[in-house]
Amino acid sequence: MSEKSLNFLCITTYFKGEDFIKSCKEAGNKVYLLTKKSLESEKWPWEAIDDVFYIEEWNQNDIIKGIAYKFREINFNRFVALDDFDVEKVALLREHFRVPGMGRTTAHYFRDKLAMRIKAKNEGVNVPEFTSLFNNDDINKYADTIPAPWLLKPRLEASATGIKKIHSKDELWQIVNDLGDERDNYLIEKFAPGDVYHVDGLNVDGKVVFARVSKYLDTPFEVAHGGGIFRSATSEIGSKVEKGLQKMNVQVMKAFGMQSGASHTEFIQSKDTGELFFLETSSRVGGANLAEMVAYASGVNLWGEWAKIESANLKNETYKLPKIHNKYAGIVVSLSRFQHPDTSSFTDKEIVWKMDKEWHIGLIIVSDSSERVIELLDKYTHRIASEFHASIPAPDKSL
């Protein structure tokens with residue numbers, strides 16, 4: 001296969017993946033973008049995009065016909081889903097056009113929270129006690145044997161969207177009945193208070209070649225439902241929990257059949273027992289600017305390296321990971337009550353990144369000391385809370 005024939009179709013219904021697109025182009029490929037017409041004015045790296053195809057809304061059959069028409073003259077070698085919500089749609093496209101990459105079954109493990117838990121449990125990965133909402137007897141047995149509280153979770157939403165905390169069997173059945181014919185799209189699991197971690201990694205040929213463990217200083221659920229401030233920081237490298245999560249991440253990637261690409265996986269450490277549990281994973285780069293935090297800590301740009309992995313795979317070349325740094329980074333992000341918040345008063349030398357987004361404020365800091373990162377994050381969080389912070393209700397897609 002000649003380099004000239006390598007054509008990547010990047011598919012996303014959200015504005016993200018700019019570094020993937022740029023890295024893919026720098027590797028000598030042609031890059032095509034399929035996205036929504038409403039995102040036309042976003043700051044895409046147009047210099048790296050050979051052509052763009054717009055859609056108004058996602059209609060799988062229309063998109064298949066549109067790609068088929070373009071395929072007559074462009075021999076697409078790879079379809080890449082840049083956002084979590086596009087993973088399954090693009091898996092269907094790969095199967096229709098027989099393009100290599102993650103198919104529907106594997107993609108489901110990285111999107112469907114119920115499929116994730118069943119597969120993880122079957123493969124010996126520790127997961128919180130859970131049940132589907134398919135069968136009334138199963139629900140009653142679960143509620144009678146697993147002490148509340150529980151979390152109701154949509155199977156296919158991202159982040160903390162649509163999650164509800166349930167405190168009793170009566171409340172559970174009220175919610176199940178309210179869900180009606182939609183109940184099969186949900187599950188419930190044991191709510192275990194604890195620290196939530198995320199492992200952001202890269203896989204090549206079925207092996208984890210890079211993974212960085214970080215801890216949410218406030219859980220995504222708390223941030224989404226409490227109008228909080230989002231924070232995360234690199235975990236202590238070499239610590240017991242960091243080593244344990246590195247091992248569990250390898251287990252999960254192997255169990256779910258991850259071959260090549262980026263992943264973002266979440267775990268929880270029980271406050272009561274210290275046990276580690278798998279929560280969920282995705283075959284993409286983590287959102288909320290976590291990729292930038294990981295890059296400043298490690299020197300690894302997840303978006304860019306993912307593109308290089310895909311390109312090397314297509315060209316039958318050996319992928320080489322860049323030199324890894326073991327610094328500590330932290331991020332704090334909040335909605336702002338100002339359209340363009342003035343962050344000029346944040347002057348510490350550890351600040352390496354400031355968010356440039358209307359109605360938001362965000363900072364990334366880097367240090368050789370994890371204690372210094374936490375110290376600065378605490379200081380900035382107090383300042384942001386008093387001087388900038390605004391909140392809106394969490395999106396509710398559960399009822």
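One is the number of the first residue; the rest follow in order along the sequence.
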* **Where L302 and A291 come nearest, the two heavy atoms and their spacing** => CD1-CA, 4.3 Å

* **Intermediate values then yes/no, salt bridge (charged side-chain N to carboxylate O under 4.0 Å, His left out), K22 and E18** => CA-CA 6 Å; K22 287 188 279 190; E18 306 97 293; over 6 Å; no

* Test side chain to side chain donor-acceptor pair (under 3.5 Å) applied to E371 and Y328, step by step -> CA-CA 9 Å; E371 290 84 1; Y328 293 92; over 6 Å; no

* To do: Kindly write out the residues that satisfy side chain to side chain contact (heavy atoms under 4.5 Å, CB included) with E95, not counting sequence neighbours, or none if the list is empty.
  => R98, R104

* **Test of ring centre spacing under 6.0 Å for F15 and W44** => yes

* Under 3.5 Å: donor-acceptor pair, side chain of S260, backbone of D205 -> yes

* Asked: Is S386 reaching over with its side chain to a backbone N or O of R383, donor-acceptor style, under 3.5 angstrom?
  -> yes

* Are L93 and M102 connected in the hydrophobic side-chain network, where two residues link if heavy atoms are under 4.5 Å apart? -> no

* To do: Classify the side-chain pair N29/R78 by whether it contains a donor and acceptor separated by less than 3.5 Å.
  => no

* Sub-3.5 Å donor-acceptor pair from the side chain of T145 to the main-chain atoms of K141, do we have one? -> yes

* Asked: Is atom NZ of K169 surrounded by more than 12 heavy atoms (other residues, nucleotides or ligands) closer than 6.0 Å?
  -> yes

* To do: Establish, yes or no, whether the cationic atom of K165 lies under 6.0 Å from the six-membered ring centre of F191 and within 45° of the ring axis.
  => yes

* Taking all atoms of both residues into account, what is the closest heavy-atom pair of A211 and Q246, and its distance? -> O-NE2, 3.0 Å

* **Side-chain donor or acceptor of R231 paired with backbone N/O of K215 under 3.5 Å** => no

* Asked: Do V199 and L279 sit in the same hydrophobic cluster, where Ile, Leu, Val, Met, Phe, Trp and Tyr count as joined when their side-chain heavy atoms come under 4.5 Å apart?
  -> no

* To do: For V125, check side chain to side chain contact (heavy atoms under 4.5 Å, CB included) against everything at least two apart and list the hits.
  => A120, M248, Q251, V252, F278

* **Crowding at CD, E57 (>12 non-hydrogen neighbours, <6.0 Å)** => no

* Donor-acceptor contact below 3.5 Å, side chain D342 vs main chain S344 -> yes

* Asked: Taking all non-hydrogen atoms of both residues, which atom of H360 and which atom of P341 are closest, and how far apart?
  -> O-CG, 3.0 Å

* Asked: Would a hydrophobic clustering, with Ile, Leu, Val, Met, Phe, Trp and Tyr connected at side-chain separations under 4.5 Å, put L82 with L314?
  -> yes

* **Nearest non-hydrogen partners of M293 and A329, listed with the distance** => O-CB, 3.5 Å

* Between S235, S232, S214, which is the residue that forms a side-chain contact (heavy atoms from CB on, under 4.5 Å) with Y197? -> S235

* To do: Would you mind telling me which of K113, K121, K153 makes a salt bridge (charged side-chain N to carboxylate O under 4.0 Å, His left out) with E189?
  => K153

* Asked: Would Y109 end up clustered with F267 when hydrophobic side chains under 4.5 Å apart are linked, directly or stepwise?
  -> yes

* Give a yes or no answer on whether the side chain of R284 reaches the backbone of A81 with a donor-acceptor pair at less than 3.5 Å. => no

* To do: List in chain and number order the residues that pass side chain to side chain donor-acceptor pair (under 3.5 Å) with S334, two or more places apart in sequence or in another chain; answer none if no residue qualifies.
  => H389

* **Main-chain N/O of N301 paired to E305 side chain as donor or acceptor, under 3.5 Å** => no

* To do: Please state whether the rings of F388 and F346 are parallel, tilted or perpendicular, taking 30° and 60° as the class boundaries.
  => tilted

* To do: Specify the closest pair of heavy atoms between T281 and T265, including all atoms of both residues, with the distance to one decimal.
  => OG1-OG1, 2.7 Å

* Structure fact -> Closest heavy-atom pair, F256 versus T106, reported as atoms and distance to 0.1 Å, is O-CG2, 3.3 Å

* Donor-acceptor contact present, side-chain D50 to main-chain V31, <3.5 Å -> yes

* I146, V176: one ILVMFWY side-chain cluster at the under-4.5 Å cut-off? -> yes

* Quick check: are there more than 12 heavy atoms from other residues, nucleotides or ligands sitting under 6.0 Å from CZ of F71? -> yes

* To do: Check whether the ring centres of F97 and F76 lie less than 6.0 Å apart, and answer yes or no.
  => no

